[in-house]
Amino acid sequence: MSNQFSDLGIQEQFQQSLVDLNISVPTAIQKKTIPMVLNQKEDVVVLAKTGTGKTAAFGLPLLQLIDLEKDNIQALILAPTRELGQQIYVNLLAFASANPKITIVSLCGGTPVKPQIERLKSTTHIVVATPGRLVDLIERDAIQLNKLNYFVLDEADEMLSALKDEVDAILKVIPKSRRTLLFTATMSGTIKQLVQNYMSKHVVHLEADMETLGHLGIDHQYVVVEPIEKLEVLLHFLSSKAGERGIIFCKTKAAVNKLAKNLAINKFSSGAIHGSLTQGIRDRIMGQFREGHIDILVATDLAARGIDVKEVSYVVNYHLPDTYDAYVHRSGRTARAGAKGLSLTVLQQEEVADIADFEKELGIVFKTFKKADAQSIEENNGLLWARKIFKTKPNRDVSEDFKAKIKTIFHHLTKEELVDKLLTNYLAQNSIDNSKLETPKKRKP
DNA sequence: AAAAAAT
């Protein structure tokens with residue numbers, strides 16, 4: 001039984017990086033994929049659930065296969081979004097930390113192209129790229145891929161559908177003798193038929209844990225709401241998730257902006273990300289979410305695939321995803337690396353019938369999320385108002401009407417209960433741990 | 001129809 005990376009053929013130098021990264025036991029798909037990539041023969045198509053370590057499954061063996069005697073680009077990894085490209089790049093750097101001789105370059109869009117062109121004039125072994133920018137660099141004759149040994153498509157089904165034209169253009173400048181490695185969590189029939197066109201060697205199909213259709217760590221729930229109460233139900237849910245991290249998916253960029261604004265008004269620790277924001281803002285928000293400076297990420301499907309953030313305990317589909325695969329990818333942002341997570345889908349009455357289709361297609365069973373009663377919703381609104389007042393600078397007028405409204409909401413509580421509720425809510429939403437409430441220790445003179 | 005990906 002191979003229960004260590006060394007048993008799979010991973011060299012000592014990379015194992016030290018894994019120890020540093022707190023990765024000890026290879027996942028099922030890593031056990032199958034790593035030896036297959038290291039054997040230097042076949043092309044591979046890897047199908048494995050979200051959050052099962054696909055990046056390490058190709059990253060580790062590729063790093064080991066790089067010939068440091070040569071100074072040409074030997075491996076190319078393509079990803080569908082800049083954020084995912086950047087994440088893969090950062091992961092590879094961490095895997096390779098023990099061997100700084102391996103040079104890895106990120107060629108994603110949204111950043112100045114000139115420095116990338118300059119960088120490509122010196123030795124590069126591995127490139128991680130988004131397709132648009134790479135095609136641009138190819139057209140500028142700034143990159144040489146004619147000696148490439150390994151061609152990796154992450155999120156392969158997306159790359160061969162939405163980004164197929166760019167992938168085809170890239171294929172024209174890489175050698176036919178290269179090995180091709182495709183990775184995905186979802187693979188529709190039409191894409192499956194296409195895959196063969198991209199392979200040049202004998203193809204091995206690898207799968208792990210695909211016996212069950214659904215991801216076992218995800219608790220799927222749905223809730224039916226009237227359009228008018230949709231936001232309030234969400235706000236109540238988010239209040240119950242104070243101190244946890246989650247991603248809320250919307251269908252359009254405009255809806256993301258609108259919801260993010262509403263969350264900000266209600267003083268939730270949140271940020272928005274979608275394709276019409278500048279890359280600077282996208283990077284800043286992703287960074288804040290990764291570092292835990294914000295708890296809630298409101299996103300379009302830009303963040304649906306591949307994004308790996310620690311301790312995301314829930315995902316909300318504020319609008320139904322367009323496809324079954326999109327549901328798999330969105331919900332797969334939680335319950336990663338063996339953890340558990342909740343995927344809550346918010347529906348309107350006329351969409352309830354769709355749930356049965358999702359269950360049938362994806363082999364999952366949805367539980368019904370019990371919507372908060374009117375009383376709890378009202379109470380939560382009151383708490384949110386109170387929180388706004390806590391967080392708003394003094395001297396702002398609070399109308400008598402407003403005071404009266406809050407009094408009505410909480411009239412059934414005793415003074416002690418009210419103080420307790422307000423404090424509990426305020427402290428939880430601000431993630432203040434008790435240590436911060438203690439008198440700060442004086443620094444030594 | 002919308003989202004992503006080049007400037």
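Within every chain, numbering begins at 1; the chains are lettered A, B, ... in the order of the sequence lines, protein sequences first and strands thereafter.
- Distance from the side chain of His274(A) is smallest for dA4(B) among the nucleotides dA4(B), dA2(B), dA5(B).
- Here dA3(B) presents its C1' atom at 14 Å from NE2 of His319(A), a figure rounded to the nearest Å.
- Atom CG in Leu320(A) sits about 16 Å away from atom P in dA3(B), given to the nearest Å.
- Rounding to the nearest 0.5 Å gives a distance of 11.5 Å between OG1 of Thr212(A) and CD1 of Ile364(A).
- With dA2(B), dA4(B), dA5(B) as the candidates, the nucleotide lying closest to the side chain of Asp322(A) is dA2(B).
- Atom CZ in Arg82(A) sits roughly 9 Å away from atom C1' in dA4(B) (whole-Å rounding).
- If you take NE2 of His329(A) and P of dA3(B), they are 18 Å apart, rounded to a whole angstrom.
- Taking the ring axis of Phe268(A) as reference, the NZ or CZ atom of Arg387(A) stays within 45° of it and closer than 6.0 Å to the ring centre.
- As rounded to whole Å, 16 Å separates atom C1' of dA2(B) from atom CG of Asp325(A).
- For the pair Arg330(A) CZ and dA3(B) P, the interatomic distance rounds to 11 Å; values are reported in whole Å.
- When heavy atoms are screened at a 4.0 angstrom cut-off, Leu163(A) is found touching base atoms of the nucleic acid.
- For Thr252(A), whose side chain is taken as the heavy atoms from C-beta onward, the closest listed nucleotide among dA3(B), dA4(B), dA1(B) is dA3(B).
- Among the atoms of the strands shown, none is found under 4.0 Å from any heavy atom of Glu158(A).
- The side chain of Thr130(A) contributes no N or O atom lying less than 4.0 Å from OP1 or OP2 of dA4(B).
- Neither OP1 nor OP2 of dA5(B) sits under 4.0 Å from any side-chain N or O of Lys164(A).
- The side chain of Arg305(A) contributes no N or O atom lying less than 4.0 Å from OP1 or OP2 of dA5(B).
- From Leu277(A), atom CG reaches atom CD1 of Ile285(A) across 8.0 Å, with rounding to the nearest 0.5 Å.
- Looking at Gln144(A) and Asn72(A), their side chains never bring a donor and an acceptor atom within 3.5 Å of each other.
- Residues meeting the salt bridge (Lys or Arg N to Asp or Glu O under 4.0 Å) test with Asp283(A), sequence neighbours left out: none.
- Across all strands shown, Arg140(A) has no heavy atoms under 4.0 Å from either base or sugar-phosphate atoms.
- As rounded to whole Å, 13 Å separates atom P of dA2(B) from atom CG of Asp301(A).
- Atom P of nucleotide dA4(B) and atom CZ of Arg282(A) are separated by 7 Å, given to the nearest angstrom.
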